[in-house]
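Just so it is clear, the structure is predicted and the values come from calculations on it, not from any experiment. When a ligand or atom number is given, it counts from 1 through the structure's own listing order.
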Amino acid sequence: MTKNTGTPAASGITLEVISKPAAPARADLLAVPLNSRELKKIGPAALKALGLEAAVLEDFKGGAGEIALAYRPASAKGAARVALLGIGEGRSNDDYRKAAEALSRKAGELHCATVVLDCAGIAGWATWARRSPAYLAGVIAEGVAYGSYRFDRLKSGKLDKKKKADEGKPKSISKLVLAGCGGLASEVEAGAEAGLVVGTCQNRSRELVNLPGNLLSAEDLAEAAREAGRRGGFDVTVFDRKRITELAMGGLLSVNRGSQNPPTFTVMDYRPEGKARKTVALVGKGITFDSGGISIKPSAGMDEMKSDMAGAACVIGVLEAVAKLALPLRVVGLVPATDNMPGGSAMTPGDVITTMSGITVEVGNTDAEGRLILADALTYAARELEPDVIIDLATLTGACIVALGMKVAGLFSNDDDLAEAISKSGQAAGEKVWRLPLWEEYAEQIKSDVADVSNTGSKGAGTITAAKFLENFVEGHKHWAHIDIAGPAFAAKGGTSSGGSGFGVRLLVDLLQSWA
Ligand code: BES
Ligand code: MN
Ligand code: ZN
């Protein structure tokens with residue numbers, strides 16, 4: 001098995017935007033978006049224009065992401081395979097994102113390389129959704145890229161009987177044609193190009209999350225950041241154990257003690273041409289595998305802890321996207337990385353460690369390791385970068401899943417305006433966050449008898465006490481936010497979109513764009 005951090009095909013989708021109508025285009029699949037509210041009114045005529053019977057509408061309701069396939073007679077011009085594509089009521093970004101994602105996934109299943117999407121209605125969609133056509137085109141392109149992603153690089157196919165028949169056929173869409181754009185073609189193209197960038201970077205983030213611990217060490221994660229830097233054109237510096245020791249990052253070093261692999265601390269620095277409007281520090285938890293260390297985790301679901309570097313993967317993806325979109329902001333990504341393993345030299349419960357900040361921490365549980373490595377990274381961000389804003393993302397607590405479930409992230413901030421902006425971007429990007437308090441009452445729970453603070457809280461509010469712990473390390477910075485992505489970062493196997501979600505990439509890019 002190759003030890004490889006590069007992404008073979010994060011999307012690789014080429015885009016073509018044309019003014020003229022969709023019908024005569026050559027495609028493997030022609031998609032015709034239909035609004036559920038207007039189905040009765042315009043459905044039959046739309047089908048007739050395509051040479052199809054209205055009977056196709058019998059079971060089609062036009063829900064967002066719903067697809068009905070129809071086949072045109074071979075003599076008709078254009079694509080023989082038509083997908084009626086539901087966009088629901090078409091009032092929210094999510095309607096278009098869901099539709100685009102479903103279409104893309106369906107195209108993959110059907111081995112369709114070229115997909116033409118009829119965008120004749122895009123001016124109307126923009127009105128319904130109260131967004132610009134360019135913005136909506138971006139949402140659609142993001143969705144198409146997202147839906148084209150498959151994590152299949154670890155399948156040799158040797159045991160797959162069906163594979164023979166599918167050999168050589170395309171596995172996902174490689175060309176997206178947005179047709180019928182009329183006078184909006186150039187706007188649509190600009191929006192869609194940007195959407196493809198974001199969707200592709202999000203897929204790269206998902207790929208990193210999906211790679212298991214034996215194929216992605218802290219050094220590999222750092223290498224992935226370097227590769228992102230080469231693609232995006234930003235500086236990447238990787239601190240090794242020696243440098244980490246010089247910086248006295250006691251949190252990161254302590255978590256790494258049980259490991260066979262060295263820790264890394266990666267600094268990604270994107271500076272725009274011209275003056276930066278803001279400096280934003282993004283910190284991502286990079287635990288490449290979390291066994292819990294000596295306070296070892298229960299075995300059920302432990303394999304999913306390969307995803308404990310999802311915060312880091314998100315930050316790497318965002319940096320590449322921001323650089324490729326050339327946003328006028330300085331964005332610095334920080335990734336402290338190691339695995340968390342038990343062993344003869346591992347950190348043990350009861351240990352007291354000294355973090356980079358000088359704050360001492362009693363280790364109540366070695367499984368509360370994320371906050372230890374983040375502590376050092378937050379201190380580094382606050383001290384070394386003079387950032388206007390610090391945002392960290394981490395698969396930090398199981399308690400956040402108890403509170404908010406698998407789809408929504410927890411949000412904490414000492415700045416109401418920042419919290420509001422993040423919530424808004426989360427809504428727009430279809431990556432929702434819900435704010436929880438940082439009230440002083442919770443600080444009680446992480447008091448230690450022997451050190452400045454404990455890394456574990458007494459019973460209750462585990463996601464809040466974790467955030468409260470982190471707050472100690474931002475050196476009084478007034479614009480900090482913490483996003484606990486333990487739930488939405490990764491979906492258990494079996495579902496339609498299991499594995500890494502890339503949660504946070506779209507949200508953060510939207511947020512940064514709003515500051516650009
Ligand atoms: N990485 C886990 C949190 C997690 C759990 C993420 C489930 C995704 C899914 C984190 O390091 C952890 O183990 N947290 C502990 C903290 C506890 C020991 C105070 C937890 O949540 O149980
Ligand atoms: Mn843990
Ligand atoms: Zn963890």
Side-chain angles (χ1 to χ4, degrees), residues 209-210 213 216 218 221 251-252 254-259 263 283-314 335-342 346-351 361-377 392-410 412 436 442 445-448 453-470 482-493 498-501 503-504:
V209 175
N210 287 331
L216 189 83
L221 194 56
L252 179 55
S254 298
V255 175
N256 180 253
R257 272 176 47 195
S259 177
V283 178
K285 172 177 172 181
I287 295 290
T288 56
F289 180 72
D290 182 11
S291 70
I294 297 294
S295 313
I296 194 157
K297 284 182 180 299
S299 54
M302 201 204 268
D303 55 320
E304 292 178 13
M305 283 300 111
K306 68 175 183 177
S307 67
D308 213 16
M309 32 53 71
C314 173
V335 172
T338 175
D339 50 7
N340 182 25
M341 295 293 279
M347 156 177 90
T348 53
D351 283 1
V361 179
E362 180 182 11
V363 179
N365 190 321
T366 67
D367 198 8
E369 84 297 339
R371 64 197 77 180
L372 299 177
I373 69 168
L374 290 172
D376 289 335
D392 74 77
L393 290 102
T395 46
L396 202 63
T397 66
C400 196
I401 301 177
V402 175
L404 298 172
M406 297 303 290
K407 296 284 166 70
V408 175
F412 301 85
L436 294 166
Y442 295 104
Q445 286 180 239
I446 48 171
K447 281 198 167 145
S448 164
V453 65
S454 168
N455 80 333
T456 30
S458 57
K459 198 171 156 42
T463 185
I464 303 179
T465 51
K468 207 64 199 154
F469 177 91
L470 295 180
H482 157 61
I483 307 178
D484 192 333
I485 58 172
F490 186 85
K493 67 179 163 216
S498 61
S501 65
F503 186 98

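The shortest non-hydrogen separation linking Leu372 to Phe469 is CD2-CZ, 4.1 Å.
For Asp290, the N, O or S atom with the smallest separation from the Mn ion (ligand 2) is OD2. Between the Mn ion (ligand 2) and the N, O or S atoms of Glu369, the shortest distance is to OE1.
Side-chain contact of Thr463 with Asp484: a donor-acceptor pair under 3.5 Å is present, judged by distance alone. Between the side chains of Asp339 and Thr288, no donor-acceptor pair of N or O atoms lies under 3.5 Å.
Interatomic distance, CZ of Arg371 versus OG1 of Thr397, reported as 7.5 Å (0.5 Å rounding). With rounding to the nearest 0.5 Å, the separation of CD in Glu369 from CE in Met347 is 7.5 Å. Of the inter-residue distances, the one linking Cys314 atom SG with Ile483 atom CD1 reads 8.0 Å to the nearest 0.5 angstrom.
With Gln445 contributing its side chain and Gly460 its backbone, the two residues share a donor-acceptor pair below 3.5 Å. Within the 3.5 Å criterion, the main-chain N or O of Asn340 finds a donor-acceptor partner in the side chain of Ser291. Side chain of Thr366 to main chain of Thr348: no donor-acceptor pair is present (N/O by atom type, distance under 3.5 Å, no hydrogens or angles).
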Sub-3.5 Å pairs, protein N or O with ligand 1 N or O:
| unit_1 | atom_1 | unit_2 | atom_2 | d |
| --- | --- | --- | --- | --- |
| ligand 1 | 1 (N) | Lys285 | NZ | 3.3 |
| ligand 1 | 1 (N) | Asp290 | OD2 | 3.2 |
| ligand 1 | 1 (N) | Asp308 | OD1 | 2.9 |
| ligand 1 | 1 (N) | Asp308 | OD2 | 3.0 |
| ligand 1 | 1 (N) | Thr395 | O | 3.3 |
| ligand 1 | 11 (O) | Lys285 | NZ | 3.2 |
| ligand 1 | 11 (O) | Asp290 | OD2 | 2.9 |
| ligand 1 | 11 (O) | Asp367 | O | 3.1 |
| ligand 1 | 11 (O) | Glu369 | OE1 | 2.8 |
| ligand 1 | 11 (O) | Glu369 | OE2 | 2.9 |
| ligand 1 | 13 (O) | Lys297 | NZ | 2.7 |
| ligand 1 | 13 (O) | Asp367 | O | 3.0 |
| ligand 1 | 13 (O) | Asp367 | OD1 | 2.7 |
| ligand 1 | 13 (O) | Asp367 | OD2 | 3.2 |
| ligand 1 | 14 (N) | Leu396 | O | 3.4 |
| ligand 1 | 21 (O) | Gly398 | N | 2.6 |

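With respect to Lys285 and Asp392, no salt bridge is recorded, no charged nitrogen being found less than 4.0 Å from a carboxylate O.
Take a cut-off of 2.8 Å around the Zn ion (ligand 3): the protein N, O or S atoms inside it are Lys285 NZ, Asp290 OD2, Asp308 OD2, Glu369 OE2.
Taking backbone and side chain together, Asp308 holds no N, O or S atom under 2.8 Å from the Mn ion (ligand 2).
Remark: of the listed residues Thr395, Leu396, Thr338, Thr338 is the sole one forming a side chain to side chain contact (heavy atoms under 4.5 Å, CB included) with Ile287.
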